[in-house]
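Side chains included, hydrogens not; waters and symmetry mates left out as well; all remaining heavy atoms used. Quick note on labels: first sequence line is chain A, next is B, and so on, each numbered from 1.
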Protein chains: 2
Amino acid sequence: MSFPASHPLTVAPTSRRELNKAATREAIALAALDFLRSGDLNTFTVDDVAEAAGVSRRTFFNYFSSVEAAVASFTQNYLDQVIVELEARPAGEPLLESAQIALSALGNAHDLGILAETFALTQDPQLSRFQLQAWDECSTKITQFARDRMPAGTDELFLFTLVGAVIGGGRAAFLVWFLEHGTDVTQASLSDLRNKLQAAISLIRQGFPN
Amino acid sequence: MSFPASHPLTVAPTSRRELNKAATREAIALAALDFLRSGDLNTFTVDDVAEAAGVSRRTFFNYFSSVEAAVASFTQNYLDQVIVELEARPAGEPLLESAQIALSALGNAHDLGILAETFALTQDPQLSRFQLQAWDECSTKITQFARDRMPAGTDELFLFTLVGAVIGGGRAAFLVWFLEHGTDVTQASLSDLRNKLQAAISLIRQGFPN
DNA sequence: TGCATCTTTGCACTTAGTGTAGCAATATGA
DNA sequence: TCATATTGCTACACTAAGTGCAAAGATGCA
């Protein structure tokens with residue numbers, strides 16, 4: 001979970017406690033991911049994950065409400081970053097351009113590799129639910145963002161549809177990318193992901209005249 | 001669960017057993033909805049729902065894997081209908097037009113009222129996950145449908161983005177509709193929902209040139 | 001160092017979810 | 001109509017999820 005460290009925007013809350021908590025959180029999430037790599041959900045338990053992460057079962061639940069939630073944290077982190085990037089864009093910039101840039105302002109290769117892996121490992125419906133929720137929460141935040149940046153009184157349906165389409169397109173780009181590259185995250189496949197994200201948003205912008 | 005009855009497309013499997021099962025399923029889902037109407041998820045248990053539906057706890061789990069899944073069945077039914085409507089459209093028709101028609105070919109007012117209610121009652125993240133999954137499964141089906149109807153060799157990113165945008169727009173229409181009308185399902189609000197669905201798809205078609 | 005604050009842990013408890021085997025209802029064929 | 005095969009329902013037992021609580025341990029601060 002390199003998110004807090006790589007984005008010291010909020011006063012750098014790098015106290016010992018914060019560091020410890022971040023490390024614990026990451027350890028748990030990684031342990032959960034590791035179990036998923038070698039089997040499906042019902043081949044291991046929360047106790048297993050907790051033990052592997054070196055914490056008690058109770059502490060696991062202090063950080064995540066379930067294994068699924070722990071695995072979804074990687075996606076969550078990426079989307080949180082997208083929001084940060086989005087809010088860093090200049091106010092005058094067209095919204096779809098901001099979205100294009102924010103979505104493809106991807107982190108380092110290692111984090112992205114894990115993100116790609118979660119795509120692979122969360123085909124199980126039980127797991128995919130939590131990914132979907134992460135995207136949905138992101139939608140809500142972007143809608144709020146868009147409402148602030150658009151002219152006052154912009155039609156709500158227009159707003160929601162725009163954001164819904166952007167998120168739908170973003171997920172589409174990730175999905176197609178993953179279908180083509182799997183968990184292979186080279187520099188080349190990364191740049192392809194950026195291309196796909198940009199292409200998807202471009203399609204949204206242009207529309208689909210038949 | 002009027003779905004099987006109202007769509008006797010598949011040889012009318014109306015045997016006694018089928019009828020009983022459909023009735024039980026509906027009873028369970030309605031019982032779950034009823035408990036949600038008067039409190040949140042953790043104010044009642046599966047046992048409560050089973051008892052209210054007049055079945056054993058074990059039978060509940062024979063039909064649904066959780067209370068959340070039971071509540072999501074209403075959305076599921078609507079989206080299943082959308083797929084049926086979609087597949088009934090002529091092959092030559094432009095895809096977005098088919099989608100527009102299929103999405104707004106809504107069932108009767110009573111079923112829609114319940115659908116609207118589930119929008120209201122599933123703001124709880126625990127519940128919304130299952131709604132999101134229903135929409136996502138619908139996406140997958142529509143993507144397959146679109147692949148079949150588009151020229152062979154159509155770009156996959158184009159396909160996924162188009163479908164992602166359509167589903168995003170569809171959900172946006174429902175959301176805005178619900179935000180405006182709540183669970184009030186009159187003839188007028190229904191026709192507004194149809195308008196919103198059509199408007200959303202139109203936006204997708206036109207695109208968002210800034 | 002001593003005290004206040006926050007985090008982790010163990011324990012006990014309720015509820016979720018599932019395998020299994022027997023029982024009840026429906027279907028089928030004469 | 002009856003006998004029998006098939007399918008669904010139920011009770012029971014069991015593992016694991018998730019949570020409240022209070023004590024112990026770690027960190028922050030003066």
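- For K21(B), whose side chain is taken as the heavy atoms from C-beta onward, the closest listed nucleotide among dG20(D), dG8(D), dG19(C) is dG8(D).
- At dT8(C), one or more side-chain N or O atoms of T24(A) fall inside 4.0 Å of OP1 or OP2 (strictly under the cut-off).
- For dG18(D), the base has no donor-acceptor partner in the side chain of R58(A) [N/O atoms by modelled type, under 3.5 angstrom].
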Considering only nitrogen or oxygen atoms on both sides, find all protein atoms under 3.5 Å from nucleotides 24-26 of chain D and state each distance.
none

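- The CG atom of L19(B) sits 13 Å away from the P atom of dC9(D) (whole-angstrom rounding).
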All N/O donor-acceptor pairs, side-chain side in residues 164-183 of chain B, below 3.5 Å, sequence neighbours left out:
| from | atom 1 | to | atom 2 | distance (Å) |
| --- | --- | --- | --- | --- |
| R171(B) | NH1 | D136(A) | OD1 | 3.2 |
| R171(B) | NH2 | D136(A) | OD1 | 3.3 |
| W177(B) | NE1 | S189(B) | O | 2.8 |
| E180(B) | OE1 | K196(B) | NZ | 3.2 |
| H181(B) | NE2 | D192(B) | OD2 | 2.7 |

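- Checking side-chain atoms of S104(B) against main-chain N and O of Q100(B) turns up a donor-acceptor pair under 3.5 Å.
- Looking at residues two or more places apart in sequence or on another chain, you find a side chain to side chain contact (heavy atoms under 4.5 Å, CB included) between T75(B) and L79(B), L115(B), T118(B), Q131(B), A134(B), W135(B).
- Contacts classified as salt bridge (Lys or Arg N to Asp or Glu O under 4.0 Å) and involving residues 113-127 of chain B (residues at least two apart or in different chains) are given here: R37(B)-E117(B).
- In the set dT19(D), dT8(C), dA27(C), the nucleotide with an atom closest to the side chain of N62(A) is dT8(C).
- When distances run from any side-chain atom of S15(A) to the nucleotides dT8(C), dC11(C), dG28(D), the shortest one goes to dG28(D).
- Distance, D40(B) CG to dT19(D) P: 13 Å, rounded to whole Å.
- Screening residues 99-110 of chain B for salt bridge (Lys or Arg N to Asp or Glu O under 4.0 Å), with sequence neighbours left out, gives no hits.
- Checking the phosphate oxygens (OP1, OP2) of dT10(D), a side-chain nitrogen or oxygen of S56(B) falls inside 4.0 Å.
- Take E93(A) and apply the side chain to side chain contact (heavy atoms under 4.5 Å, CB included) test, not counting sequence neighbours, and it matches R89(A), P90(A), E97(A), S98(A), I101(A).
- Within the structure, the ring pair (Phe, Tyr, Trp, His ring centres under 6.0 Å) test picks out the following pairs touching residues 36-57 of chain B (sequence neighbours left out): F35(B)-F44(B).
- Using a 4.0 Å cut-off, no side-chain N or O of Y63(B) falls inside it from OP1 or OP2 of dG8(D).
- Residue pairs that meet the salt bridge (Lys or Arg N to Asp or Glu O under 4.0 Å) test with at least one member in residues 55-74 of chain A, sequence neighbours left out, are D47(A)-R57(A).
- Y63(A) meets the side chain to side chain contact (heavy atoms under 4.5 Å, CB included) test with K21(A), T24(A), R25(A), I28(A), T59(A); sequence neighbours excluded.
- Within 4.0 Å (heavy atoms only), F60(A) reaches no atom of the nucleic acid at all.
- Counting only heavy atoms from C-beta on, R57(A) has its side chain closest to dT19(D) among dT8(C), dG19(C), dT19(D).
- Nucleotide dC9(D) holds its P atom 12 Å from the CZ atom of F64(B), rounded to whole Å.
- The nearest whole Å value for the distance from the CG atom in N42(B) to the P atom in dT19(D) is 9 Å.
- For the pair E68(A) CD and dA16(D) P, the computed distance is 15 Å after rounding to whole Å.
- Positionally, the nearest nucleotide of DNA chain D for V55(B) lies more toward the 5' end than for the other of V55(B) and S66(A).
- Within residues 44-54 of chain A, the residues having any heavy atom under 4.0 Å from DNA chain D are, by residue number, T45(A), V46(A), D47(A).
- Of the candidate nucleotides dT8(C), dT18(C), dG28(D), dT18(C) has the atom nearest to the side chain of F61(B).
- Contacts of A50(A) classified as side chain to side chain contact (heavy atoms under 4.5 Å, CB included), with partners at least two apart in sequence or in another chain: V55(A), F60(A).
- There is no side-chain donor-acceptor pair under 3.5 Å between N77(A) and Q81(A).
- If you measure from atom CZ of R16(A) to atom C1' of dT5(C), you get 17 Å, rounded to the nearest angstrom.
- At its two ends the helix from dT1(C)-dA30(D) to dA30(C)-dT1(D) runs along axes set 30° apart, each axis drawn from five pairs and the angle rounded to 10°.
- Taken from CD in Q126(A) to OG in S66(A), the straight-line distance is 8.0 Å, to the nearest 0.5 Å.
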